Amino acid sequence: MSRRIYAKKSLSQNFLIDTKIKSKIIECLDLNHNDIVVEIGPGRGALTERIYNNVNKFFGIELDDDLYSYLQLKYQNENIEIINDDARKIDISDFIKNDIEYKLVGNLPYKSANKIILNFLNSLPKPKFMIVMVQLEVAKRIIGDEKFRGFLTVLIGIYCKSEILFKVKPTSFKPKPKVNSAVIKLVPYDTPKVDDENIEGFMDFVAKSFVSRRKTVLNSIAAGNKISKDIVTQLLNSLQINKEFRPQNLELDQWLELYYLYKNRYE
Ligand code: SAH
């Protein structure tokens, strides 16, 4: 008998118990026998058990030592590799060769969801798509819902297209999380919207422009980046962006236009 494993709050362990939700996630993966699938945080195998039989190769990345040992014992099939590592930092190229396509899935640990998503968006090979469960509010920030749009929307929007597939209630998990959840789909672009040379400068510019969600873009960009208000006014006018907007009202493409215009004219 394996010993009982208790959920660890520190690792955001909320195990999926709702079979309908499990089925819906699996359906979204559109599995076929050639697929390579990477699952983040398999936990006790709620999704794993429905995936590995239907694919060519399965990788599960689990940080918790106890759950890792449990999964190792439970799944000894040839096409399964369980990896005891941190999905925020793991380099997927150690396991999957460049140019090989894979699908990523996971009921993500909510505290680390952003970092995990960004790690996989930033690495090569890139996933064909990701189907991941996150906190509903984070899902809304990622897809750029009007009320939740912010720095994260821009950060993730550089790398991929995103959409909310469906919402999930706390009662679908054990233990129940305090928040609502959503399953989202992220589809990476072939090339990110900002090239390597500009990514750092662009992210710095946008991060500093988000000093306050309540300030106007004019004040926020000027104060955050230490650029004179005259110059910011000229930039906004050239791009016909309303000076009264708040930073979160701007679309990713407008941030890109602003950054490149500033860089080309004044730097
Ligand atoms: N997929 C399972 C468990 C989801 S809970 C289910 O749906 O039931 C989140 C899982 O992620 C837990 O197993 C937790 O141990 C694991 N985890 C937490 N932080 C992690 C990290 N940084 N890297 C990889 N796994 C992590």
Side-chain angles (χ1 to χ4, degrees), residues 12 86-89 108-123 130 132 134-164 178-182 184 186 188-189 191-267:
S12 310
D86 187 336
R88 288 170 295 191
K89 299 184 193 142
L108 296 183
Y110 289 177
K111 279 184 207 152
S112 316
N114 296 349
K115 284 194 178 145
I116 293 173
I117 291 172
L118 282 163
N119 180 24
F120 283 87
L121 287 176
N122 265 313
S123 319
M130 304 189 192
V132 287
V134 295
Q135 188 179 332
L136 178 59
E137 196 183 310
V138 172
K140 288 182 175 172
R141 277 200 258 144
I142 289 175
I143 64 143
D145 179 284
E146 222 176 305
K147 280 197 204 130
F148 292 84
R149 199 186 290 168
F151 182 60
L152 188 67
T153 318
V154 179
L155 186 55
I156 289 192
I158 293 169
Y159 298 99
C160 65
K161 216 170 62 173
S162 59
E163 63 175 316
I164 293 183
K178 291 201 176 74
V179 292
N180 285 310
S181 306
I184 56 174
L186 307 177
Y189 299 125
T191 38
K193 289 197 172 191
V194 185
D195 55 31
D196 286 348
E197 194 191 321
N198 285 296
I199 189 84
E200 213 174 301
F202 175 70
M203 289 322 303
D204 187 59
F205 178 79
V206 180
K208 287 178 175 159
S209 303
F210 267 97
V211 285
S212 166
R213 289 174 72 88
R214 268 165 290 148
K215 276 192 183 156
T216 62
V217 271
L218 170 59
N219 288 330
S220 192
I221 294 173
N225 289 286
K226 302 198 168 54
I227 308 172
S228 80
K229 279 199 196 174
D230 279 350
I231 290 182
V232 180
T233 304
Q234 284 170 29
L235 291 169
L236 295 169
N237 285 343
S238 317
L239 297 169
Q240 296 178 317
I241 296 172
N242 186 340
K243 290 192 289 289
E244 299 302 313
F245 270 8
R246 310 294 148 176
Q248 62 273 22
N249 297 129
L250 264 59
E251 307 275 349
L252 169 59
D253 288 341
Q254 291 175 309
W255 284 116
L256 288 168
E257 286 170 353
L258 266 173
Y259 170 72
Y260 285 117
L261 191 61
Y262 172 67
K263 198 181 139 174
N264 294 336
R265 267 201 207 159
Y266 301 101
E267 265 192 352

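Given the structure is predicted, the values throughout are model-derived calculations rather than measurements.
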Checklist entry - Stepwise, does the salt bridge (charged side-chain N to carboxylate O under 4.0 Å, His left out) test hold for Lys147 with Asp145? => result CA-CA 6 Å; Lys147 280 197 204 130; Asp145 179 284; over 6 Å; no
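Residue Asp253 holds its CG atom at 11.5 Å from CG of Leu239, rounded to the nearest 0.5 Å.
When atom types are taken as modelled, the side chain of Ser12 and the backbone of Lys111 share a donor-acceptor pair closer than 3.5 angstrom. Asn249 contributes a side-chain N or O that, together with a main-chain N or O of Arg246, makes up a donor-acceptor pair within less than 3.5 Å. The backbone N or O of Tyr260 lies less than 3.5 Å from a partner atom in the side chain of Asn264, making a donor-acceptor pair. Side-chain N or O atoms of Ser112 include none that pairs as donor or acceptor with a backbone N or O of Lys115 at under 3.5 Å. Arg88 places no side-chain N or O within donor-acceptor distance of the main-chain N or O of Asn119, the cut-off being under 3.5 Å.
Between the side chains of Lys229 and Asn219, at least one donor N or O sits under 3.5 Å from an acceptor N or O.
Taking each heavy atom of Ile143 and Thr153 in turn, the nearest pair found is C-CG2, 4.3 Å. Looking at every heavy atom in both residues, Asn225 comes nearest to Asp204 through OD1-O, 4.2 Å. The shortest heavy-atom contact between Ser181 and Tyr110 is OG-OH, 2.7 Å. Taking both residues in full, the closest heavy atoms of Lys243 and Thr216 are given as O-CB, 3.3 Å, listed atom of the first, atom of the second, then distance. Contact detail for Leu186 and Ser162: the closest heavy-atom pair is CD2-CB, 3.2 Å.
For the side-chain contact (heavy atoms from CB on, under 4.5 Å) with Phe151, the lone residue among Arg141, Met203, Gln248 that qualifies is Met203.
Between Tyr262 and Phe205, the two ring planes are parallel [angle under 30°; tilted spans 30° to 60°].
Around NZ of Lys161, the count of heavy atoms belonging to other residues, nucleotides or ligands within 6.0 Å does not exceed 12.
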